[in-house]
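I have placed the structure first, in the form of structure tokens, so that the comments after it can refer back to it.
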There are 4 protein chains.
Amino acid sequence: MSPKVPDIYKQHKKIEILQAAEQVFIRKGFGRVTMKDIVEQCQISRGGVYLYFSSTDEIFQAILDWKNGQPQQELLLIYESANNGEEALTQFIILISTYMKETANSLYRAHVEFFSALAQDDNRWQFVQQRHELLVNNYAFFFQEGTRLGYFSPQTDLRILTKFVLTWCEGFSLNTMILPMDDLQADTQIELLHQYLRQMLRIPSF
Amino acid sequence: MSPKVPDIYKQHKKIEILQAAEQVFIRKGFGRVTMKDIVEQCQISRGGVYLYFSSTDEIFQAILDWKNGQPQQELLLIYESANNGEEALTQFIILISTYMKETANSLYRAHVEFFSALAQDDNRWQFVQQRHELLVNNYAFFFQEGTRLGYFSPQTDLRILTKFVLTWCEGFSLNTMILPMDDLQADTQIELLHQYLRQMLRIPSF
Amino acid sequence: MSPKVPDIYKQHKKIEILQAAEQVFIRKGFGRVTMKDIVEQCQISRGGVYLYFSSTDEIFQAILDWKNGQPQQELLLIYESANNGEEALTQFIILISTYMKETANSLYRAHVEFFSALAQDDNRWQFVQQRHELLVNNYAFFFQEGTRLGYFSPQTDLRILTKFVLTWCEGFSLNTMILPMDDLQADTQIELLHQYLRQMLRIPSF
Amino acid sequence: MSPKVPDIYKQHKKIEILQAAEQVFIRKGFGRVTMKDIVEQCQISRGGVYLYFSSTDEIFQAILDWKNGQPQQELLLIYESANNGEEALTQFIILISTYMKETANSLYRAHVEFFSALAQDDNRWQFVQQRHELLVNNYAFFFQEGTRLGYFSPQTDLRILTKFVLTWCEGFSLNTMILPMDDLQADTQIELLHQYLRQMLRIPSF
DNA sequence: TATGAATGAGCATTCATTCAT
DNA sequence: AATGAATGAATGCTCATTCAT
């Protein structure tokens, strides 16, 4: 009756499956992925996968949870190398533009498909919303920390500014999926964002 | 020799199907829609629908084409009622915020799902890209017209500004699908956009 | 009540359909032919064809009947140019080898498919058998006529010899469909048949 | 790691399906057979059959392959009981006439339909041709063996004679499908073949 | 725990046939 | 007589899910 196999083993097996499944989702998006795809990538039997997860939905969500457990530390590392607001902001811009440009070959495609396919009565909206909340907190903290360090003198509420920026980033990521970089004029757009933030954060000249 | 039933009839029938299908796509998104759903909504027989369209993909694309055939005239109507740049911009903001807030219950969800599910070797990317191009042209024309009328004195390239704004709008629409308006702080974000545009278009004070 | 359109018109229309359908059957064989194929080839409406025939089966059979109405006169024409048994037999061999080699691109393929697909309880076996009977009669008559003319001195019953020859021809036609002429060694085989007949008909030397 | 269910099991299951399918093909010919028919005859689920074969075509071809794997040994067994050419030839005639008379209730019908329905661009012609080649080799070997044993003194190339005989047999099999034995005068025709072979093989009188 | 053969519900698609015009 | 849009039964095929081993 008592579990013979310790939870740690189960956890390990689960992660093994998630890693394999992630590759599938990156490759095929969300909706076209079948259990067969995942099973084949895992090198585990059909029934085996079902012992741990009972649908592609569940697996995908588990991947997102798992990834959330590895929060972006990179943002705050900026302050270890930047000596002033200008430098910090520049590094910030470089960082997020790197993220955004990767979307075409990342889990992002599947992610967008996943929640745009969510039925309105689905009970996973909460999950999606919490994820978004975490993201906002993470980014807002970057600006707050910059302000605390005297790098930024924001002329507006930082949380709302963060949301504004993330909204733009969301759109940019989406467009990255659709358009060639040229059509998007990616770098010029990013430069506009850079200017905007420089101004909104009223970075002291020096 | 001449067709008893003119092409206009076929066109009408097609549109009948598209209208029904649109309801289905709004309700269920893109990927979960089956021909059966559409057939049932149409009140036409299985074979009847196949007479006009041969897949959900084709129907969805036809809906987008059909909608594209009714381009947004509203943007340019603004200049018929607005007396100065400030008024024009305000009306512009109101208009797009209306559009964006509607996304949750519109075809937008299905649209996002449609292209995020597009396989990389799909030959419909071109279609999606052309659609985007049209949108950019449409919006850019609004700003150009405002400039020609002396309402705006843009301090930056209008086309790139348009893209920047549309990028943000894309993100906003997406977030509208995910988040309750409150979490999104929709109006406050829109206000930020308003300020940004007011400044970038250097609307002359009066 | 009385027919406004004379039968002659109906006949003409029927033959129009049969001619078109024959092309389809030659191109596609029997089983893969749909009413749509025939309708498209005819340039007549779907319903129009149904006024005259109600299935592909019926059409195919009508084609065979129609063709049967044009019996092979060529066999007997041989006696108008041949001056002796040897010449008659040679012309006979040339004639049938021509027929048989044509099978790949003729109605023969469809014909074989048609009756091999005939269900055992089908009431069209009789039709097929009558057709075969006609064929035997036609060929037997050639040999009888040759005998009457003193060209042949058959050492066996002519009717059974005819059947034997036709059996071989049937197999040869079939193989023509399957094999390249080279593999079949067509001409060498035909030469064997020639020799066999020369002997069985005991063509007087001269 | 090692498969719990060995390949032998899969092979067995395949053969189970083929046996059931063969009954269906014998009963219905080739073209009218649906997967549903085969599924029902197998007493296996729809998906179950698809696990092993993905179309009726594939199944039919597998049946032919499987049958080919059991080559006709009977021909050569003749030489174990026959004491001279006359006896060998007589047994040969009896054997093939038995084969040919069975065609009406055998797979032959389906076989004829199968290849007469083959589209010209089909890649299975090769398969059909190889099958024919095998058949020729098999029969030719019989005559060669008889010659080696001194039973036959052929006055013509044995391979071409084999082809000639097989051509006739093909036609006879076909006619067996179409005609009642009486109309065909089967035994009399076979007697003609017997005489012909006796002569061509110049069986030494004794 | 783990396996993978088997299941069968469910959707896509075709096509002979009808019928209002 | 002729049309061709419309029908819906029938089939092919896939895939999530189960279960005996």
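So you know, we letter chains A, B, ... as the sequences are listed, proteins then strands, and number each from 1.
Remark: side-chain polar atoms of Glu113(C) are paired, donor with acceptor, to backbone N or O of Gly31(C) under 3.5 angstrom. At distances below 3.5 Å, not a single donor-acceptor pair connects side-chain atoms of Trp66(A) with backbone N or O atoms of Gln61(A).
With rounding to the nearest 0.5 angstrom, the OH atom of Tyr50(C) is 4.0 Å from the CE atom of Met35(C). Here the NZ atom belonging to Lys10(B) is positioned 14.5 Å from the CD1 atom belonging to Ile15(B), to the nearest 0.5 angstrom. Here the CD-CD distance, from Gln130(A) to Gln126(A), works out to 5.0 Å after rounding to the nearest 0.5 Å.
Heavy atoms from other residues, nucleotides or ligands lying under 6.0 Å from CZ of Arg124(C) number more than 12. Within 6.0 Å of CZ on Arg32(A) lie no more than 12 heavy atoms contributed by other residues, nucleotides or ligands.
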Enumerate donor-acceptor pairs with a distance under 3.5 Å from any side-chain N or O in residues 41-48 of chain D to protein atoms, sequence neighbours excluded.
{"unit_1": "Gln41(D)", "atom_1": "OE1", "unit_2": "Arg27(D)", "atom_2": "NH2", "d": "2.8"}
{"unit_1": "Ser45(D)", "atom_1": "OG", "unit_2": "Gly48(D)", "atom_2": "N", "d": "3.1"}

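With Phe53(C) as the aromatic partner, Lys14(C) meets the cation-pi criteria of under 6.0 angstrom to the ring centre and within 45 degrees of the ring axis.
In this structure, CZ of Arg32(A) is placed 14 Å from C1' of dT14(F), rounded to the nearest angstrom. Whole-Å rounding puts the Met35(D) CE to dT11(F) P distance at 13 Å. If you take CD of Glu40(A) and P of dT3(E), they are 14 Å apart, rounded to a whole angstrom.
Nearest-nucleotide positions on DNA chain F for Val33(A) and Thr34(D) put Thr34(D) closer to the 5' end.
At a non-hydrogen distance threshold of 4.0 Å, Arg46(C), Tyr50(C), Ser54(C) from residues 43-61 of chain C come into contact with DNA chain E. Non-hydrogen atoms lying under 4.0 Å from DNA chain E are contributed by nothing in residues 12-29 of chain B.
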query = For DNA chain F, what string of dots and brackets results from 5' to 3' when Watson-Crick and G-U pairs need both distances under 3.5 Å, crossing pairs get [ ], and pairs with another strand get |?
reply = .||||||||||||||||||||
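Residues satisfying the ring-ring contact (aromatic ring centres under 6.0 Å, His included) criterion with Phe60(C), sequence neighbours excluded, are Phe25(C), Phe30(C), Phe114(C). For Glu58(C), the salt bridge (Lys or Arg N to Asp or Glu O under 4.0 Å) criterion is met by no residue, not counting sequence neighbours.
At the phosphate of dA10(F), neither OP1 nor OP2 sits under 4.0 Å from any side-chain N or O atom of Lys36(D). Put simply, Tyr9(B) has a side-chain N or O that comes within less than 4.0 Å of OP1 or OP2 on dA6(F).
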